[in-house]
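The first residue of the sequence shown is numbered 1, and numbering continues consecutively from there.
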Amino acid sequence: MMIEAKVIVAVPTYNRAHFLTDALTNLRSQSFDDMKVVVIDNASTDNTPSVYEEIAGSDNRFHYVRNEFTIPAQDNFKRGLQITDSKFFMWRADDDLSDFNYIES
């Protein structure tokens, strides 16, 4: 699977569903439309999958990738680079919040 857009936002996560709700809601409200958000779940054992589905599952700009088993954190970050293609790429922590026009600016 190769995910393409002008801007890719990769959000690696592991067992942080309690933060992910706000982070995904914030990304959904961004003013820039030509972006894809890729949540890379490192085999979380909390309710990360259901949080993703509830907040972003119906938004075609969002993609959810789940590892079968937990891998080293740096490999989970690298996976975001391996499955995407874009002119602009950014990492986003699973608890980051920003102004609504952050990506556009």
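Judged as a salt bridge (charged side-chain N to carboxylate O under 4.0 Å, His left out), and not counting sequence neighbours, the contacts of D95 are R16. Under the rule for a side chain to side chain donor-acceptor pair (under 3.5 Å), the partners of Y64 that lie at least two apart in sequence or sit in another chain are D41. Looking at residues two or more places apart in sequence or on another chain, you find no side chain to side chain donor-acceptor pair (under 3.5 Å) involving S29.
In the model, N67 has a side-chain atom that pairs as donor or acceptor with a side-chain atom of N76 under 3.5 Å.
Across L24, V11, N47, T13, a single residue satisfies side chain to side chain contact (heavy atoms under 4.5 Å, CB included) together with Y52, and that is L24.
In this structure, D59 contributes its side chain and A56 its backbone to no donor-acceptor pair below 3.5 Å. A donor-acceptor contact shorter than 3.5 Å links the side chain of Q30 to the backbone of I103.
Using a 4.5 Å cut-off on side-chain heavy atoms (C-beta onward), E53 and F62 make no contact. In this structure, T45 and N15 have side chains that are in contact, with non-hydrogen atoms separated by less than 4.5 Å. With contacts defined as side-chain heavy-atom distances shorter than 4.5 Å, the pair I83/V65 qualifies.
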**OP:** Could you walk me through whether D33 and R61 pass side-chain contact (heavy atoms from CB on, under 4.5 Å), step by step?
**Re:** CA-CA 8 Å; D33 284 331; R61 297 174 300 164; 4.1 Å; yes

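The minimum heavy-atom distance between A23 and D94, with the atom names listed, is CB-O, 3.3 Å.
For Y14, the OH atom counts as densely surrounded, since its 6.0 Å shell holds more than 12 non-hydrogen atoms of other residues, nucleotides or ligands. F100 CZ: 12 or fewer foreign heavy atoms inside a 6.0 Å radius.
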